[in-house]
Amino acid sequence: MSSIRVRFAPSPTGTLHVGGARTALFNWLYARLQKGVFVLRIEDTDQERSTDASTQQILRSMQWLGLDWDEGPTEDGADSRGDHGPYFQSQRRDKYDEFAARLLQENLAYPCYCTPDELDAMRQKAKAEKRDFGYDGRCRDLSHDERKEREARGRTSVLRVRTPDEGSIRWTDIVHGDMEIAADTVEDWVAVKGDGFPTYNFAAVVDDGLMEISHVLRGDDHISNTPKQIHLFRELGFRIPKFGHMPMILGSDGKRLSKRHGAASVEEFRDENFLSAALVNYLALLGWSPGNDQEVFTVQQLTKKFSLKRLNHSAAVFDPEKLAYINAEHLKLLSDKQRLAMAWPILVDAGLAEADDGQARAKLGQVLKIMGARVSHLNDVPAYCAAYFSDDYELDAEAAAEFDDEAQAHMAKLAEAMAKVEGFDAASAEAALRALADELGLKAGQLIHPARFAVSGQKVGPSVFDVLATVGQERVVQRLRAPRRPA
RNA sequence: GACCCCAUCGUCUAGCCUGGUUAGGACUCCAGCCUUUCAAGCUGGUAACACGGGUUCAAAUCCCGUUGGGGUCACCA
């Protein structure tokens, strides 16, 4: 086991977004590639916004994606497992308190008595004067008596970290290379809030330190937190992890991806019946490339080829069309058995079959077979397959318009021909149809197209002879005799 | 606004580090082939180095600047 320890640390204030999923994925891939440890930590220090439902949802999304964690909450989210727990920040108060006390004792931090309202006023003023606002350090050097006096007035305090005024903070970013931020652009930031809970930057450092995280891989939007965290890692005596800031995922308008761009949470893609392997594959391609022309990867292949060295520097736009293509490719990768296992529940959900109907399930297997690559998304299954399971299927408007009285007359004759076929299958149905076409002096296509419509309601689909064979002689004859036409 | 990040087809990207390519691939779009139809598949096509200066025999590639886009500026994470 290597000493590589990475983590994904979502805050349970909503669903798992594709941006977060991509971050989780890259951490997971790196851990699997390096035979390291992947830690999942729930950052629920925001009392107002964190919900248990969100935690559950995130855990479910992670599991759906196949991103299993070595340490973290148990699968049901009720408990923790691993040597560095607990993995819910809300259960780690004792640790934050301990380090906060140390910061205070060593004068690395100080109590600040400014109220949110006061700070807000200062911010407004700075804005009005077109000045930059950074906390001005007015509580930085309060004397013992001054502190006592404020406390006597019932003022609550927050704990602010004393940041250096001079010099700079540097690190070598795995993605961006050498980084240097001037220390004077880093303000004295709040480590412990008025409610006694740690802020993100404080809790993250304590936890990453205690959990012995070796690499912090996260979004670009965290770059500005990094100097604060590095400073604190150092002051607290922790080994400083390596940092890698990955590019953001944007919507088609170039803005950070969000709900208004359409589906943006993992759960939505699951509900829309995307293959999780396809989402994983597509997400991996956003911000990373293998360096050659391969684009379709199984998860297994990704864990072998992934490399931090090949992470991109620039933000990427999420493209639903490319995802759809990758999804279709993964559908082709599935065995007939796997595809059937995925499609069956969808057919059942659509009310086209009973869950325990083994015959219907076998039939779906046949239908899927003749459909072939025409099913590029599992969501298409109900519409494409309805005619094989029910007489209540949709009629394609275009095909219906082409189906005239002459076609109907032809279908009546075809019905009788089909009724006479013995040993009804694709080959015998084809022979009978072609014979009838010859007899009537028609081209085969003149029977084929109306027949497809009469039997399946569709304009397109598999070989019509396969359709006939699969729908079955009895139903074929019925539908040819009395084709459904739009009202 | 300040600080930071980024910059190759519409989109995802290879090429950049270690200057010399007809700047490659994929999605989308278009055309053709195949097919009873559609899809798939196959073949072909349209389409990019943001701009300006350097350095160099030679710059997508190295340097500087400009412009553009994004991010951060909370007792949110």
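Note on naming: letters A, B, ... go to the chains in the order of the sequence lines (proteins, then strands), and numbering restarts at 1 for each one.
Distance CG (Leu323(A)) to P (A26(B)): 19 Å, rounded to an integer number of Å. Leu257(A) places its CG atom 16 Å from the P atom of U11(B), with the value rounded to the nearest Å. A straight line from NE2 of His313(A) to P of U13(B) spans 12 Å, rounded to a whole angstrom.
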Candidate pair Lys459(A) and Glu402(A), rule salt bridge (charged side-chain N to carboxylate O under 4.0 Å, His left out), full reasoning
CA-CA 10 Å; Lys459(A) 181 182 170 67; Glu402(A) 287 165 14; 3.3 Å; yes
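Under the 3.5 Å distance criterion, with hydrogens and angles disregarded, no donor-acceptor pair is assigned to the side chains of Gln458(A) and Asp396(A). Side-chain N/O atoms of Asn27(A) and His215(A) include no donor and acceptor closer than 3.5 Å. Side-chain polar atoms of Ser428(A) and Asp425(A) form a donor-acceptor pair below 3.5 angstrom. Asn225(A) and Tyr200(A) are not linked by any side-chain donor-acceptor pair at a separation below 3.5 angstrom, with hydrogens and angles left out of the test.
A residue-by-residue look at Asp178(A) and Pro247(A) shows that Asp178(A) has its nearest nucleotide of RNA chain B further toward the 5' end.
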Which letters describe nucleotides 69-77 of chain B, given B = protein heavy atom under 4.0 Å from base, S = only from sugar-phosphate, - = neither?
-SSSSSBBB
The contact string for nucleotides 29-49 of chain B, one letter per nucleotide 5' to 3', using protein heavy atoms under 4.0 Å with B, S and - for base, sugar-phosphate only and none, comes out as -------BBBBSS--------
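The closest donor-acceptor contact from the side chain of Thr156(A) to the backbone of Gly194(A) lies at 3.5 Å or more, if one exists at all. Of the possible donor and acceptor atoms, none in the side chain of Ser168(A) sits under 3.5 Å from a partner among the backbone N and O of Glu180(A).
Nucleic acid contact class of Arg310(A) (heavy atoms, under 4.0 Å, all strands): sugar-phosphate only.
If you look at His377(A) and Phe274(A), their ring centroids are closer than 6.0 Å. For Phe269(A) and Tyr282(A), the gap between ring centers reaches or exceeds 6.0 Å. Taking the centre of each ring, Phe306(A) and Phe26(A) come in below the 6.0 Å mark.
C64(B) and C75(B) are spaced 36 Å apart, taking the P atom of each and rounding to whole Å. The P atoms of A50(B) and A7(B) are separated by 10 Å, rounded to the nearest whole Å. Separating the C1' atom of U22(B) from that of C29(B) is a span of 24 Å, rounded to the nearest Å. To the nearest whole angstrom, the two P atoms, one in G53(B) and one in C6(B), are 25 Å apart. When the P atom is used for both C4(B) and U43(B), the distance is 50 Å, rounded to whole Å. One P atom belongs to C49(B), the other to C30(B), and the distance between them is 24 Å to the nearest Å. Separation of the C1' atoms belonging to A74(B) and U11(B) is 35 Å when rounded to the nearest angstrom. Spacing between G15(B) and G54(B) at atom C1', rounded to whole Å, works out to 24 Å.
Using a 4.0 Å cut-off between a side-chain N of Lys or Arg and a carboxylate O of Asp or Glu, Glu439(A) and Lys413(A) do not qualify as a salt bridge.
A heavy atom closer than 4.0 Å to some atom of RNA chain B occurs in Leu286(A), Gly287(A), Ser289(A), Gly291(A), Asp293(A), Glu295(A), these being the qualifying members of residues 286-298 of chain A.
Applying the salt bridge (Lys or Arg N to Asp or Glu O under 4.0 Å) test between Asp207(A) and each of Arg92(A), Lys95(A), Arg7(A) identifies Arg92(A) as the sole match.
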